[in-house]
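A quick write-up on the structure given underneath.
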Amino acid sequence: MEKFLVKGGNTLSGEINIGGAKNAAVAILPATVMARGRCVIENVPDISDVRVLLDILSQLGAKIEMLSNDTVAIDTTDINSNEVPYELAKMIRASYYFIGALLGRCSEAHVSMPGGCNLGVRPIDQHLKGFQALGAEVTVDGGIIHAKADRMLGSHIHFDVVSVGATINVMMAAVRAHGITIMENVAKEPHIVDLANFLNSMGADIRGAGTDVIKIHGVDMLRPSTYSIIPDQIEAGTYMVMAAATGSSLLIKNVIPKHLEAITDKLISSGAEVEEFDDSIRVTGGKVIKKINVKAMPHPGFPTDMQPQITAMLCRAEGTSIITEGVWEGGRFRYTDELKRMGANISVDGKMAVVEGVSKLTGAPVRAADLRAGAAMIIAALTAEGTTEIEDIHYIERGYENIVAKLTAVGADIQKIIVPDGDSMRQAQ
Ligand code: EPZ
C-alpha cells in the first residue's frame, strides 16, 4: 500500500508552478472526439484522471501521442466505437462526458455509469434532462447509459440545479444540434468557459459561457484545433491555503488571479497577505490565523472543492469558524473525522461544520476520504506536531500532479512510502 509520510512544522518558502486545470482537462479531452482529425492539447495536467481518459480515447480508436510531458496529440479520425466500458468508466466521474461528446460526433453513445469521489448522492438527472430536451432518446439499462438521437434539435433548457457536469455535457451535445439552444441556470466555473473556448476554437458557436445563460447556434461540423488548458484554480488555491496555514510565504506561478478571488478574499480575512501579479500570486501567512466563516457555493462563490482545505487551516485559528457546504447535499464533511484524529475540534451538523480553533494538531494515521479531503490531510499534517501517515493517496494523485516533488521543493518534509502488507516501511523507489 502507498502512503504519504508528512513531518509537520517546517516553514515553506519558494515557488510552486501550477499545472493545467483538472476539471477543464477532463471535459476537453473527451470533447476532442467531436472533430475528426488531430487535436493538440497543451498544459494537460500529469494526473491519473487524465491517463484514464486517454486510455478511453485510445479504446475508442483514437491515436494518442504525447508530444511533451504536458502536451498531447489526439487523432480521432479513425474512432470506430461509441461505447465506454465499465472497467474504465467506473474509475472516474468524467467518463460520462463521452455521452455529450459522442452524441456530438455520431449521435449515439453507450457509456457505463461513472465512478468518482464519494461526495454523497451524485445524480445525473440534469444531464439526461438536457439530452432529452435536445431530442435524444436516453435509457439506463444494467448500469449503462444509452443515448441516441436521429436528429438533435436546439431547445430552451432550464436546469433545476446548477450543475458543472450537466452544463458541460449538454453544451457538448447542443453544439451539434440543429438550430439554437438556450441553457439557463448553468454553472459558471472557469472550466465551463475553458471548454466553451475550446469548442469555439473547433468551429462551434457558443456565447455566454461563464454567465447565467449560454446560447449555442448548432453547427454541422467541427474541425480539430490546438488549445491550451487554463491553470488549475483549485490546485492553486490548495497551495495558497498551505502557505497561509503554515505561516509561510509562497509564490504560486502560472495562475489566473481573477479565478482565485474568492479564495484570496477569505485568506486575507483570516490574516494572510496576498499579492497579485499578472500570472502569479504570492501568499504570506499571518502571525495568527483569524477565525472566519465560509460558505461553499457555485462560482463565483467560494469553491466547494476548496472547502476541506480551508477547514484544515481553520482548525488552528483563534476562535470559532463556521463552514457551510452549499453545493453537495451530504455536506462532504467526512474528512472532519480524520482531522479530529489529529486533535481538531469540529462538530458537524448536516451541511454545517463548527470549527473551534485549537493551539496545535498532532500527527496521526489518517486517510484521504476523497481528492480534496486528501489535500486537507496534507495541509493539517504540514501544520501538525510530529508525523502523519496518509492512506488512500490514490485519491490525491487523481488531481494533484507531482505533489510530493512540488512540496519538497519548497521545504516540506513529505515522502511517498510503500508499506507492503506486514513488512516494515521502506522508501518509495
Ligand atoms: C464537478 O462535479 C467537479 N468534478 C467536482 O469536483 C465539483 O465538486 C463539482 O463539479 C462542483 O463544483 C469535475 O468537474 C470532474 P455538479 P459534478 O454536477 O459535475 C447536484 C473535484 O474535487 N446534481 O456541479 O459531478 C449534485 O448532486 C471534484 O475536482 C444533481 O442534482 O458536480 C450536487 O449537489 C469533486 N443532478 C450539485 O448538483 C445532476 O444531474 C452540484 O453537482 C447533477 C448534479
Side-chain angles (χ1 to χ4, degrees), residues 19-31 45 47-50 52-53 89 91-100 113-133 138 140 145 157-172 183 185-195 229-230 232-238 259 262-263 296-310 324-335 350-351 368-376 395-401:
K22 166 179 99 72
N23 291 346
V26 298
I28 287 169
L29 293 177
I47 55 177
S48 56
D49 272 15
V50 162
V52 170
L53 288 171
M91 294 172 75
I92 58 172
R93 181 85 188 152
S95 50
Y96 61 12
Y97 289 150
F98 281 101
I99 306 171
M113 288 291 277
C117 286
N118 179 357
L119 300 174
V121 177
R122 296 185 79 171
I124 61 168
D125 58 305
Q126 298 301 303
H127 300 241
L128 307 188
K129 167 181 177 168
F131 296 144
Q132 287 160 339
V138 183
V140 182
I145 303 163
I157 302 164
H158 193 284
F159 290 107
D160 303 329
V161 292
V162 173
S163 160
V164 165
T167 303
I168 284 174
N169 233 341
V170 176
M171 186 198 303
M172 283 194 277
M183 295 164 59
N185 198 27
V186 293
K188 299 182 275 193
E189 274 69 7
H191 30 288
I192 304 282
V193 178
D194 211 26
L195 174 68
I229 294 173
I230 55 169
D232 194 312
Q233 165 201 40
I234 305 301
E235 185 193 13
T238 301
H259 291 168
I263 302 161
M297 292 298 283
H299 192 77
F302 186 87
T304 175
D305 293 343
M306 285 296 305
Q307 183 249 86
Q309 296 93 309
I310 201 134
T324 311
E325 173 54 52
V327 173
W328 291 103
E329 289 310 307
R332 83 178 291 177
F333 285 122
R334 285 185 309 138
Y335 66 91
K351 299 169 79 171
D370 60 62
L371 162 58
R372 307 306 175 183
Y395 281 115
I396 302 172
E397 293 179 329
R398 286 189 49 194
Y400 289 94
E401 65 173 15

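As the structure lists them, so they are numbered: ligands from 1, and atoms in each ligand from 1.
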Within the distance-only criterion (no hydrogens, no angle test), does the side chain of Asp232 pair as donor or acceptor with the backbone N or O of Lys22 below 3.5 angstrom? yes
Check Arg398 with Asp49, please: is the shortest side-chain N to carboxylate O separation under 4.0 Å? yes
Report yes if Val164 has an N/O atom closer than 3.5 Å to an N/O atom of ligand 1; otherwise report no. yes
Any heavy atom of Ala94 sitting closer than 4.0 Å to ligand 1? no
Ile192 and Val186: side chain to side chain contact (heavy atoms under 4.5 Å, CB included), yes or no, with the steps? CA-CA 9 Å; Ile192 304 282; Val186 293; over 6 Å; no
Under 4.0 Å, counting heavy atoms only: does Tyr96 come that close to any atom of ligand 1? yes
Who passes side chain to side chain contact (heavy atoms under 4.5 Å, CB included) against Ala89, sequence neighbours left out? Val84, Ser95, Ser112
Residues that Val138 engages under side chain to side chain contact (heavy atoms under 4.5 Å, CB included), provided they are two or more places apart: Leu128, Phe131, Gln132, Ala136, Ile145, Ala147
Is Leu371 in polar range of ligand 1, meaning some N or O pair under 3.5 Å apart? no
What's the shortest distance from atom 31 (O) of ligand 1 to any protein heavy atom, and which residue and atom give it? Pro123 CG, 3.3 Å
Measure the distance from atom 3 (C) of ligand 1 to every protein heavy atom, then report the residue, atom name and distance (to 0.1 Å) of the closest one. Asn23 ND2, 3.8 Å
Taking the side chain from Arg332 and the backbone from Thr304, do they hold a donor-acceptor pair closer than 3.5 Å? yes
Quick check: Val327 and ligand 1, any N/O pair under 3.5 Å apart? yes
Examine Thr304 against ligand 1 and note whether any of their N/O atoms are separated by less than 3.5 Å. no
Considering distance alone, does some N or O of His191 sit under 3.5 Å from an N or O of ligand 1? no
